[in-house]
Amino acid sequence: MMDGLNPQQRAAVTLPEQHALVLAGAGSGKTRVLATRMAWLIQTGQASPFGLMAVTFTNKAAREMLSRLAGRLPVQPRGMWVGTFHGLCNRLLRIHHAEAGLPADFQILDMADQLAAIKRMLKAAQVDDSLFAPRDVQYFINAAKESGVRADAIRPRDTRERHLTEFYQRYQAQCEREGVVDFGELLLRATELLERDATLRAHYQQRFRHILVDEFQDTNALQYRWLQLLAQGGACIFAVGDDDQSIYAFRGADVGNMADFQRHYARDCVIRLEQNYRSSGHILAAANALIAHNESRLGKNLWTDAGEGEPIRVSEQFTDALEAQWIVDEIRAMLREGQARDQVALLYRSNAQSRLLEHALFSAGLPYKVTGGLRFFERQEIRHALAYLRLMLNIRDDTSWLRVVNFPPRGIGARSLEKLGDLAREQASSLSEAVDGMSGRSGVSLAAFRNLIDTMRERTQDMGLPELVAHVIEHSGLVRHYEQDREGADRLENLRELVSAAAAFVLEQEWEDWPAMTPDSRIVADVDMAPSVAGLSPLAAFLSHAALEAGDNQAQAGQDAIQLMTVHAAKGLEFDVVFITGLEDGLFPHENSAQQAAGLEEERRLMYVAITRARRRLFLTLAQSRMLHGKTRYSRRSRFLDELPEAHLKWLGVRSAPGGHTDVPPAWRSAASTAARRNTGLGSSVTVRDQDFRIGQGVRHARFGEGTIVGLSGNGLDAQARIQFADVGSKTLALGIAKLDIIAG
DNA sequence: CTTATGGGCTTTTTT
DNA sequence: AGCCCATAAG
């Protein structure tokens with residue numbers, strides 16, 4: 001079991017019973033240490049599989065942990081408490097829903113649901129949402145919950161905070177009324193439950209002797225509180241983390257928890273894993289050099305005894321389309337040499353960047369898989385279907401009710417709903433109940449909708465989950481609606497996919513065959529409880545699965561595919577070949593990060609995470625111009641590029657000076673224009689006032705002198721040209737205004 | 001009152 | 001390029 005572990009790793013795995021902090025650098029075998037430690041604890045008889053808890057942040061990491069464990073243990077690890085913070089808290093609340101004051105079938109709001117709920121609350125409170133953007137309110141509420149604070153505990157410092165606190169209060173009341181919880185609430189409720197209920201607390205404190213925490217640097221105040229609470233009965237916390245990879249401060253994560261944990265728990269027991277087994281020398285050296293620019297660090301330097309490897313290749317192109325094309329060409333060449341496709345990853349800072357890359361890969365006929373972005377359960381048609389399904393369980397769920405009351409259109413408009421809302425507020429009832437008080441034509445339509453829901457609920461009472469889902473998408477009218485929609489084919493396909501997903505889900509759950517819950521057996525039985533569900537209806541289980549695991553956005557279209565994802569999503573993964581794309585100031589580091597304190601340092605850690613995903617080959621790419629939100633933007637290269645030592649880099653393609661002007665060697669110019677002509681993203685010619693401009697065209701400007709057109713966008717008098725001037729660098733000129741003479745081409 | 005249509009605004013990252 | 005909302009037609 002310990003084969004191939006280095007002394008530090010071995011020490012971590014075989015630590016005696018005590019709290020410990022493992023500072024594990026990127027690629028130092030962190031996941032392996034965690035899984036091996038769990039197996040070791042069990043096999044040496046120091047812990048039973050049910051006396052262990054392992055917490056991760058992502059579902060992916062939890063699955064990874066379980067699969068590594070499965071290979072090493074004689075028992076099925078599935079019933080063990082291994083999962084995400086949210087997943088485990090959900091499990092706790094499902095088992096003890098009554099004690100937590102929740103309905104058995106409580107539903108989970110994702111971010112979009114939550115935002116809709118907040119908008120509704122603001123409307124009900126007659127708040128001018130130009131003064132309070134729903135997003136800001138959402139942010140405020142989540143930040144409060146993440147730090148473990150209820151509305152009544154907030155002492156507002158100004159009028160604005162007083163209002164926000166009041167909204168938090170109202171929103172919470174609304175959630176209670178409707179029987180729904182948001183992500184933050186899962187954690188807060190679970191924590192409060194344990195704090196309040198001494199019997200439960202004692203039970204879980206005695207049960208879990210070992211608590212292992214992955215990615216400890218990403219814990220927020222509330223998660224830390226939850227962990228401390230569980231460990232108060234004498235359990236040992238084995239925390240693994242890397243402060244240099246803390247990239248979730250934006251959602252409340254506090255790296256300070258590591259220092260605090262070290263001080264209060266693991267004072268004498270800190271183990272550093274600094275040998276990197278993943279990346280070759282140049283890559284690792286560049287990562288170290290980059291992260292050294294950060295001020296606040298616990299301090300750590302990774303080393304490797306692998307060779308230097310290849311230098312990091314940097315490519316700068318004129319446009320984002322050219323950047324994508326360059327990447328595709330490079331990938332093709334590697335594939336010809338036998339590179340496995342699924343070992344090639346394309347990383348980007350924001351999801352919007354995937355579109356163009358996907359387009360280029362698709363055109364080249366290269367299979368790819370996108371992780372994250374618009375995921376399956378987040379698609380509009382799926383959300384509609386899920387809303388109907390939620391109403392089968394909980395008619396009070398006004399968010400879902402409003403989502404589908406007029407979809408497909410049933411002649412129920414904003415006006416009627418406003419009236420209905422007023423009525424519901426007056427009698428403090430759900431929207432569904434308020435239907436009775438509505439008169440006139442809209443009353444009839446509303447009653448018809450309620451009958452539809454009721455009928456579906458009755459008819460599906462005894463159905464299995466897949467049949468139930470099929471019945472609901474059919475009888476809700478969704479299927480017919482999308483059949484009639486000319487663009488609806490894909491959506492229809494996804495709805496069918498939902499039925500398959502339900503079938504697959506059932507299969508997976510039946511694997512485990514869980515005992516039914518009775519009130520008296522609640523504490524004893526949880527030992528054998530299914531990961532997601534406890535005596536819960538299959539539908540409720542499926543819905544919480546959908547909320548907590550949004551799923552990938554493509555049905556596994558071929559395993560052997562190029563991997564596309566955000567840098568955040570790539571954390572914890574590794575690939576032979578990594579492309580980090582869009583390395584431009586404003587994009588990476590992202591411009592929004594500049595406003596937040598310590599924002600730049602977090603961006604730098606993000607870049608550090610990106611670099612350290614690569615085993616053998618790393619490519620950094622950027623584009624001088626990029627389409628963003630429908631507009632072309634010009635940017636200079638990322639400052640992070642300038643923080644990487646030249647010795648590890650090899651520049652390909654254009655290279656602009658740090659100041660932003662482009663310095664193009666004459667010999668290169670024609671190559672650039674040839675490349676530019678292949679550009680699919682921008683037009684290749686434009687006519688303004690009877691003058692024809694095309695890419696590659698030579699022009700003369702009265703002040704800037706002679707240059708070459710390297711990019712065109714827009715039409716007519718709004719057209720703009722990106723021109724590479726011989727003397728003054730590249731400029732963007734409006735063709736309707738600038739006076740240009742055509743000289744050659 | 002509802003539904004269709006075009007203009008304005010937007011998105012950083014995730015459980 | 002897509003989503004939400006104000007405006008116009010049924």
Side-chain angles (χ1 to χ4, degrees), chain A residues 55-62 83-90 108-116 119 129-130 133-135 139 142 145-146 181-187 215 218-220 222-223 246-253 347-356 359 371-375 377-378 380 405-419 440-443 445-446 487 544-551 565-572 582 586-596 599 602-603 605-607 609-610 627-632 681:
Chain A
V55 203
T56 62
F57 276 81
T58 63
N59 295 301
K60 216 187 303 177
T84 63
F85 277 101
H86 294 86
L88 295 180
C89 286
N90 179 44
I108 301 167
L109 302 182
D110 65 18
M111 291 285 273
D113 295 326
Q114 187 190 34
L115 190 63
K119 283 183 184 164
D129 57 5
S130 64
R135 271 194 185 285
Y139 182 83
N142 288 338
K145 289 195 177 186
E146 275 151 12
V181 302
D182 56 47
F183 284 139
E185 187 70 17
L186 284 173
L187 284 155
E215 311 276 15
D218 288 331
T219 49
N220 62 35
L222 182 55
Q223 288 159 338
S246 154
I247 55 175
Y248 284 105
F250 72 91
R251 70 169 200 217
L347 309 184
Y348 34 82
R349 174 68 237 265
S350 65
N351 280 304
Q353 289 166 254
S354 77
R355 183 172 291 279
L356 200 57
H359 178 79
T371 304
L374 183 60
R375 284 172 287 202
F377 287 113
E378 289 169 358
Q380 183 205 117
V405 64
N406 198 34
F407 194 96
R410 300 187 172 90
I412 303 168
R415 206 53 225 275
S416 310
L417 291 174
E418 204 163 302
K419 258 197 238 162
R441 260 198 23 194
S442 57
S445 312
L446 283 165
E487 321 258 276
S544 72
H545 164 80
L548 287 174
E549 275 187 68
M565 65 194 85
T566 64
V567 180
H568 282 89
K571 187 155 83 142
L587 198 60
F588 199 177
H590 198 277
E591 53 201 348
N592 293 7
S593 70
Q595 279 115 45
Q596 298 153 30
E602 175 142 322
E603 293 287 307
R605 288 192 294 270
L606 198 52
M607 181 69 183
V609 167
M627 274 289 245
L628 218 59
H629 311 149
K631 283 207 167 60
T632 308

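So you know, we letter chains A, B, ... as the sequences are listed, proteins then strands, and number each from 1.
Taken to the nearest 0.5 Å, the NZ atom of Lys571(A) stands 14.5 Å off from the CE atom of Met565(A). One distance of note links CG of Leu115(A) with CG of Asp182(A); it measures 12.0 Å at 0.5 Å rounding. For the atom pair Asn142(A) CG and Arg251(A) CZ, the distance stands at 11.0 Å (nearest 0.5 Å).
Counting to the nearest Å, the C1' atom of dT14(B) and the OH atom of Tyr348(A) are 14 Å from each other. Atom-to-atom, CG of Asn220(A) to C1' of dT14(B) comes out at 12 Å; the value is rounded to the nearest Å. If you take CG of Leu606(A) and P of dT14(B), they are 10 Å apart, rounded to a whole angstrom. His545(A) has its NE2 atom 13 Å from the P atom of dT15(B), to the nearest Å. The distance from atom CD of Gln223(A) to atom C1' of dT15(B) is 9 Å, rounded to the nearest whole Å. Here the P atom of nucleotide dC1(B) and the CZ atom of Arg415(A) are 5 Å apart, to the nearest Å. Spacing between atom CE of Met607(A) and atom P of dT13(B) amounts to 18 Å, rounded to whole angstrom units. When the P atom of dC1(B) is taken as reference, atom CG of Leu446(A) falls 12 Å away, rounded to whole Å.
Candidate nucleotides dT15(B), dT13(B), dT11(B) were compared by shortest atom distance to the side chain of Asn351(A), and dT13(B) ranks first. In the set dT13(B), dT15(B), dC1(B), dT15(B) carries the atom at the smallest distance from any side-chain atom of Met111(A). Minimum atom distance to the side chain of Phe250(A) is reached by dT13(B), of the listed dT11(B), dT13(B), dT15(B). Listed nucleotides dG2(C), dT11(B), dT15(B) differ in distance to His86(A); the shortest reach to its side chain belongs to dT15(B). Across dT14(B), dT11(B), dT3(B), the shortest atom-to-atom separation from the side chain of Asn406(A) is found for dT3(B). Of the candidates dC1(B), dT11(B), dT13(B), dC1(B) carries the atom nearest the Lys419(A) side chain, counting heavy atoms from C-beta on. Here dT15(B) is the nucleotide among dC1(B), dT15(B), dT11(B) with the atom lying nearest to any side-chain atom of Asn59(A).
Contact annotation for Tyr248(A): backbone-only contact, meaning every heavy-atom pair under 4.0 Å involves sugar-phosphate atoms and none involves a base. Within the nucleic acid shown, Phe57(A) comes within 4.0 Å of sugar-phosphate atoms alone, with no base atom in reach, counting heavy atoms only.
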The test is side chain to side chain contact (heavy atoms under 4.5 Å, CB included); show your working for Ser246(A) and Arg605(A) and say whether it passes. CA-CA 7 Å; Ser246(A) 154; Arg605(A) 288 192 294 270; 3.9 Å; yes

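Position along DNA chain B of the nearest nucleotide to Gly411(A) versus His590(A) favours Gly411(A) as the more 5'-ward residue. If Thr84(A) and Arg441(A) are placed on DNA chain B by their nearest nucleotide, the residue sitting closer to the 5' end is Arg441(A).
A sub-4.0 Å separation between OP1 or OP2 of dT14(B) and a side-chain N or O of Thr566(A) is present. Under 4.0 angstrom from either OP1 or OP2 of dT11(B) there lies at least one side-chain N or O belonging to Arg135(A).
Aromatic ring centroids of Phe250(A) and His590(A) lie 6.0 Å or more apart.
Looking only at distances, a side-chain donor or acceptor of Asn59(A) sits under 3.5 Å from a matching main-chain atom of Leu548(A).
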